[in-house]
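A short write-up of the structure that comes next.
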Protein chains: 2
Amino acid sequence: MSTSSDDLRSIALAEFATAGYSATSLHRIADLAGLSKSSVLYHYSSKETLLEATIAPALDRMEQILDALEARTLSPEGRTAFLAEFVDFILQYRLEVNMFINQGPSLVDVPVIDRANDLVVRLSEYFAANTGSVEEKMRFGIALGGAAYMLCRADSLNFESAPIEQTRVALVNILTELLAPVDPITTNRI
Amino acid sequence: MSTSSDDLRSIALAEFATAGYSATSLHRIADLAGLSKSSVLYHYSSKETLLEATIAPALDRMEQILDALEARTLSPEGRTAFLAEFVDFILQYRLEVNMFINQGPSLVDVPVIDRANDLVVRLSEYFAANTGSVEEKMRFGIALGGAAYMLCRADSLNFESAPIEQTRVALVNILTELLAPVDPITTNRI
DNA sequence: TGCCAAACTGACCGATCGGTCAGATGCTGT
DNA sequence: ACAGCATCTGACCGATCGGTCAGTTTGGCA
């Protein structure tokens, strides 16, 4: 795998995540890479293949996390440990996550997107497993979609660039607060 | 304004919000409305005009809310009252909000989208006015992007349809918790 | 009935889309 | 020097895009 392939992958990722998959032409990706459209199609046989190469690593990592998660017991400690792991994941792959979170519904019938949607459903089912509460499910949706949105639009919302460790700690705080398990007796948050 | 115009507006809204603006062709909108593409362009002189008609009502309402908000004092009570108002707004216009939240960056140079982005910045500046805290800004981004995402993807995340009033109360709870002002002395959340 | 404007349509336009292909260019090992 | 493979390119293709236009259908009103 040469430098061009990796360049194309990261360029495509940035464009797909910000401008959207269908709004990004192969011509534009080629221009940004300093190549011709034909060269892009030499490295990736189709636009869809390029999309797949773009988000597959994130999906692999997320699948790995989910597999480990479902093998554990559903203890509150397990949840806390998972949250730290998940925050690291979403920080590392924020562009990819924002992509298949927000563009997932518009890219049905693309196999790699179907896979992404399946993973999101698996994750939501984990959080909804013990609670039938509507608010609990809403909290999960807000946490997932909100984190993906915030991390990608941070600069356009007048965030000064904060050190990554501060962002990580703050995000763990917020998601822990949002997703803390409900006390089933009093139905108050513990 | 005839029935066809309103039909086209609501059809376009649903398609733009779910499939994305650039991924939705005038031909598809015409098909869904049972009309020809030429008829769509008879009611709305361009695709961009149709987009404008689609989200302008939501922008008018949001601008109205922001004007009233900035005229008030920045008291915690003002914040609470605003949150209830804002939740009603986002529930009524969830498709429109999800559109210019998630597709805003990909539709620059479209005047109506620029207006939407300006409004989002105004809102974020209100919440960031008293706190330079990075976590506070992150909380705002998560609340805004998360609520928009959750309300539009509820069905795909195995939400059973809940009564609207329950959703409203739960959303006010969650956003209040997320956006509660920080105690400036201890920098703990009150 | 006749008339007129609103509503609607199909044919057509230039531009751009993703994708194919034959060939040019460069780089490496022999 | 030559062979061979990876890389890259421009010309070209059919399909679809947003948009224009001349003309037809429709419905209400005099």
Side-chain angles (χ1 to χ4, degrees), chain A residues 1-56 99-100 103-114, chain B residues 1-56 99-100 103-114:
Chain A
M1 204 54 81
S2 72
T3 321
S4 284
S5 289
D6 292 342
D7 284 351
L8 286 172
R9 197 177 44 79
S10 62
I11 289 173
L13 171 61
E15 287 297 302
F16 288 163
T18 59
Y21 175 73
S22 58
T24 303
S25 67
L26 291 177
H27 181 91
R28 170 160 178 81
I29 294 174
D31 272 2
L32 290 173
L35 291 177
S36 69
K37 188 182 65 172
S38 302
S39 291
V40 176
L41 287 164
Y42 166 77
H43 290 285
Y44 300 94
S45 58
S46 70
K47 191 185 182 185
E48 198 174 305
T49 303
L50 180 54
L51 170 67
E52 191 171 336
T54 291
I55 63 175
M99 255 200 75
F100 63 74
Q103 301 182 49
S106 68
L107 297 175
V108 287
D109 301 330
V110 181
V112 72
I113 296 293
D114 288 344
Chain B
M1 205 52 80
S2 72
T3 322
S4 283
S5 289
D6 292 341
D7 284 352
L8 286 171
R9 197 177 44 80
S10 62
I11 289 173
L13 171 61
E15 286 298 301
F16 288 163
T18 60
Y21 175 74
S22 58
T24 302
S25 67
L26 292 178
H27 181 90
R28 170 160 178 80
I29 294 174
D31 271 2
L32 291 173
L35 293 175
S36 69
K37 188 182 65 173
S38 301
S39 291
V40 176
L41 287 164
Y42 166 77
H43 290 284
Y44 300 94
S45 58
S46 71
K47 190 185 182 185
E48 198 173 305
T49 303
L50 179 54
L51 171 67
E52 190 171 335
T54 292
I55 63 174
M99 255 199 75
F100 64 73
Q103 301 182 46
S106 68
L107 296 175
V108 286
D109 302 331
V110 180
V112 73
I113 296 292
D114 288 344

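Since the structure is predicted, the reported quantities are computational estimates derived from the model, not experimental observations.
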[X] [atom1] to [N] [atom2], straight-line distance once rounded to whole Å:
X: A/Y44; N: C/dG18; atom1: OH; atom2: P; result: 16 Å
X: B/Y21; N: D/dG18; atom1: OH; atom2: P; result: 8 Å
X: B/L35; N: D/dT25; atom1: CG; atom2: P; result: 17 Å
X: B/I29; N: D/dG19; atom1: CD1; atom2: C1'; result: 14 Å
X: B/R28; N: D/dA15; atom1: CZ; atom2: P; result: 21 Å
X: B/K37; N: D/dA15; atom1: NZ; atom2: P; result: 16 Å
X: A/H27; N: C/dG19; atom1: NE2; atom2: P; result: 16 Å

When you check the phosphate oxygens OP1 and OP2 of [N], does a side-chain N or O of [X] lie under 4.0 Å from one of them?
X: B/S38; N: C/dC8; value: no
X: A/S4; N: D/dC8; value: yes
X: B/Y42; N: C/dC8; value: no
X: B/S46; N: D/dG18; value: no
X: B/H43; N: C/dA6; value: no
X: B/S25; N: D/dC17; value: yes

- Message: So, under a plain 3.5 Å distance rule, would you say the side chain of B/K47 forms a donor-acceptor pair with the base of D/dG19?
- Response: no
- Task: Could you walk me through whether B/I113 and B/Q103 pass the side chain to side chain contact (heavy atoms under 4.5 Å, CB included) test, one step at a time?
- Result: CA-CA 9 Å; B/I113 296 292; B/Q103 301 182 46; over 6 Å; no
- Spacing of B/D31 atom CG and B/I11 atom CD1 [to the nearest 0.5 Å]: 10.0 Å
- Point-to-point distance, once rounded to the nearest 0.5 Å, from CG of A/L8 to CG of A/L32: 10.0 Å
- Determine the minimum heavy-atom distance between A/K47 and A/S22, stating which atoms define it. NZ-CA, 3.9 Å
- Base, sugar-phosphate, or nothing for B/T24, non-hydrogen atoms under 4.0 angstrom? sugar-phosphate
- Query: Between D/dG18, D/dT9, C/dG18, which one does the side chain of A/L26 approach most closely?
  - Reply: C/dG18
- Any side-chain heavy-atom pair of A/T24 and A/T18 under 4.5 Å: no
- Message: Assuming nearest nucleotide by heavy-atom distance, tell me which of B/L41 and A/S39 is located more 5' along DNA chain D.
- Response: A/S39
